[in-house]
Amino acid sequence: MTIRTRLAVQFMLLASFILGGAFIVVYVSSANYRAEEFMGRLKDRGNNTAKLLIQVDEVDEHLLAKIERDNPVRLPEESIILFDHHNEVIFRLGNVKVAPIETSFLDRVRMEGEIQQEFDEREQVAFLFSDRYDRFVIVASGRDIYGRSKLRNAGRVMIATFLIGQVLIFLVGRFYAQRALSPVQRLIHDIEDISAANLSRRVQTGNERDELAQLARSFNTLLDNLQTSFQSQKNFIANASHEMRTPLTAISGQLEVLMLKARSPEEYGTTLSSILDDMHALNRLADRLLMMAQAENKAPASTFAPVRMDEVLWQARAEVLRIDPGYAVDIDMADVEDEADLLVQGNENLLRSLITNLMENACKYSDDRRARVQLRTTGSELAVEVEDQGIGIAAEDHERVFEPFYRAQNTGGAKGHGIGLSLARRIAELHGGRIALRSSIGMGAHFTAHLPKAA
Ligand code: ADP
């Protein structure tokens with residue numbers, strides 16, 4: 001069922017509940033009023049008849065029967081019977097057949113004063129009438145033909161109004177629901193037109209400030225984010241393949257030249273070692289790309305274990321020295337007093353890669369090829385500071401150096417692919433930390449990786 005039909009049905013049910021309730025109240029109170037009013041009239045008739053017969057000496061049964069025969073206020077199918085204290089009928093008016101009246105009933109009337117009854121669509125009121133000399137019981141009954149017919153008619157009108165009202169309410173409800181939901185229809189239509197191929201499309205938000213306009217705006221923001229992430233993924237793949245192609249082209253070029261003619265063993269040796277260098281570089285690039293994918297994925301967080309950062313620092317140092325034995329890395333951990341302060345909840349491989357990248361950059365981009373590393377702990381945090389006295393980074397590049405494949409202008413001949421820092425930042429964020437940078441051109445660089453301590 002569509003929301004439109006559901007709303008119309010709910011609207012109809014609600015309205016029928018209210019309308020039906022109101023009609024029932026009106027009908028029941030009219031029915032009660034009719035019965036009460038007719039009983040009142042019956043009683044008046046009984047009273048008047050009794051008064052005439054009992055209290056007016058000139059009037060006897062025959063005269064009263066005569067008077068009453070043409071009385072215009074007589075009620076339809078009326079019957080008035082008067083009983084004396086011996087339960088004898090002393091007067092009877094009306095020739096309708098009424099059920100014989102039991103003595104026990106008359107006794108009850110004498111006890112209770114008045115009894116009202118309704119049977120076979122006839123109302124009957126029996127009551128005590130006391131005179132100076134006797135206590136009479138008057139039983140007056142009649143059929144409220146007009147009152148009942150009026151009530152039946154009103155009931156029929158109510159039922160018809162109710163049924164027609166239902167149909168009208170449903171149609172009106174559907175119309176309003178359709179009008180209210182038309183912006184949703186438009187939204188659905190707009191959304192259906194959007195696919196991965198045309199992510200630049202946006203849904204209309206209209207000028208209104210209602211919930212649907214808010215939904216449309218949120219959806220557009222989602223599309224903005226998706227588009228950016230699609231674009232950066234595309235760029236990433238293009239950049240990654242470009243970075244891989246460069247060493248591969250160099251390798252195949254060198255091999256082709258080598259195969260042109262027979263070479264001396266020294267020449268083979270030199271070319272092969274240059275190819276090996278390129279292969280190493282390629283290998284490291286592949287490693288980093290793999291780590292990038294790993295760091296991108298939030299799942300490793302579930303496999304985190306306590307890692308000792310001092311060990312990570314020593315391992316990273318060894319790795320940097322393996323990359324280039326000409327590099328120097330000084331590590332200072334004098335600040336750390338408690339071994340428990342050295343623990344970080346994380347992935348050891350990723351953390352080692354983070355520190356290696358910072359250390360390698362410090363050596364790579366400084367003349368003295370030296371990195372100074374200091375481990376400090378503050379409160380709930382562990383900070384690894386990596387400092388150098390190299391070429392430094394211009395303020396406007398402080399953010400961009402963390403973007404994948406970005407390399408600043410002043411890198412000179414230093415080899416690189418521009419993914420070390422972006423990988424380092426992702427790893428830090430994956431561990432709930434961050435990387436801060438202080439640097440300016442010619443003044444060296446100071447990177448600090450802030451990581452939360454293991455709880
Ligand atoms: P790569 O070093 O492979 O180029 P990174 O992502 O590690 O890639 O670094 C990005 C850029 O940031 C580098 O190209 C360089 O311009 C700059 N950079 C990184 N670390 C330093 C540093 N310690 N000193 C100066 N510049 C740096």
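Numbering starts at 1 and runs along the sequence shown. One-based numbering, in listed order, for ligands and for the atoms of each.
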Seminar exercise, completed: Any heavy atom of Asn357 under 4.0 Å from ligand 1? The part involved is neither

Exercise. Should Glu403 and Arg400 count as an ion pair when the cut-off is N to O under 4.0 Å?
Worked result: yes

Problem set entry | Pair Thr2-Thr5, side-chain donor/acceptor within less than 3.5 Å | yes

For this session: Could you grab the distance from atom CG of Asp332 to atom CD of Glu385, nearest 0.5 Å is fine?
Result: 9.5 Å

Exercise. Would you say the side chains of Gln117 and Glu123 form a donor-acceptor pair under 3.5 Å?
Worked result: no

For this session: Give the intermediate values and the outcome of salt bridge (charged side-chain N to carboxylate O under 4.0 Å, His left out) for residues Glu399 and Arg425.
Result: CA-CA 11 Å; Glu399 252 318 296; Arg425 173 180 266 189; 3.1 Å; yes

For this session: Examine Asp388 against ligand 1 and note whether any of their N/O atoms are separated by less than 3.5 Å.
Result: yes

Problem set entry | For Tyr406, the ligand 1 atoms whose distance to one of its heavy atoms is below 4.0 Å | 10 (C), 11 (C)

Problem set entry | Those atoms of ligand 1 less than 4.0 Å from some heavy atom in Gly418 | 1 (P), 3 (O), 4 (O), 6 (O), 8 (O)

Problem set entry | Polar contact flag for Arg407 and ligand 1 (N/O pairs, less than 3.5 Å) | yes

For this session: Fit a plane to each ring of His431 and Phe304, take the angle between them on a 0 to 90° scale, and name the class: parallel (under 30°), tilted (30 to 60°) or perpendicular (over 60°).
Result: parallel

Exercise. Got the closest protein heavy atom to atom 7 (O) of ligand 1, with its distance?
Worked result: Asn361 ND2, 2.7 Å

Exercise. Do any nitrogen or oxygen atoms of Phe447 come within less than 3.5 Å of a nitrogen or oxygen of ligand 1?
Worked result: no

Problem set entry | Short N or O distance, Ala445 and ligand 1, threshold 3.5 Å exclusive | no

Exercise. Leu421 to ligand 1: N or O pair under 3.5 Å?
Worked result: yes

For this session: Please could you name the atoms of ligand 1 that Ile419 approaches to less than 4.0 Å, counting only its heavy atoms?
Result: 6 (O), 8 (O)

Exercise. Do any N/O atoms on His417 end up under 3.5 angstrom from N/O atoms on ligand 1?
Worked result: yes

Exercise. Could an N or O of ligand 1 be found under 3.5 Å from any N or O of Lys364, whether backbone or side chain?
Worked result: yes

Exercise. Do Asp224 and Arg202 sit within salt-bridge range, that is, some charged N less than 4.0 Å from a carboxylate O?
Worked result: yes

For this session: Would you mind running through ligand 1 and noting each atom that sits below 4.0 Å from a heavy atom of Ala408?
Result: 14 (O), 16 (O)

Problem set entry | ligand 1 N/O within reach of Arg288 N/O, cut-off under 3.5 Å | no

Problem set entry | Electrostatic pair Arg34-Asp144, nearest N-O below 4.0 angstrom | yes

For this session: May I ask you to say whether Glu319 pairs ionically with Arg284, meaning some side-chain N is under 4.0 Å from a carboxylate O?
Result: no

Exercise. Is there a nitrogen or oxygen of Gly416 sitting under 3.5 Å from a nitrogen or oxygen of ligand 1?
Worked result: no

Exercise. Is the shortest distance from a heavy atom of Gly390 to ligand 1 less than 4.0 Å?
Worked result: no

Problem set entry | Presence of salt bridge, Glu118 and Arg148, under 4.0 angstrom | yes

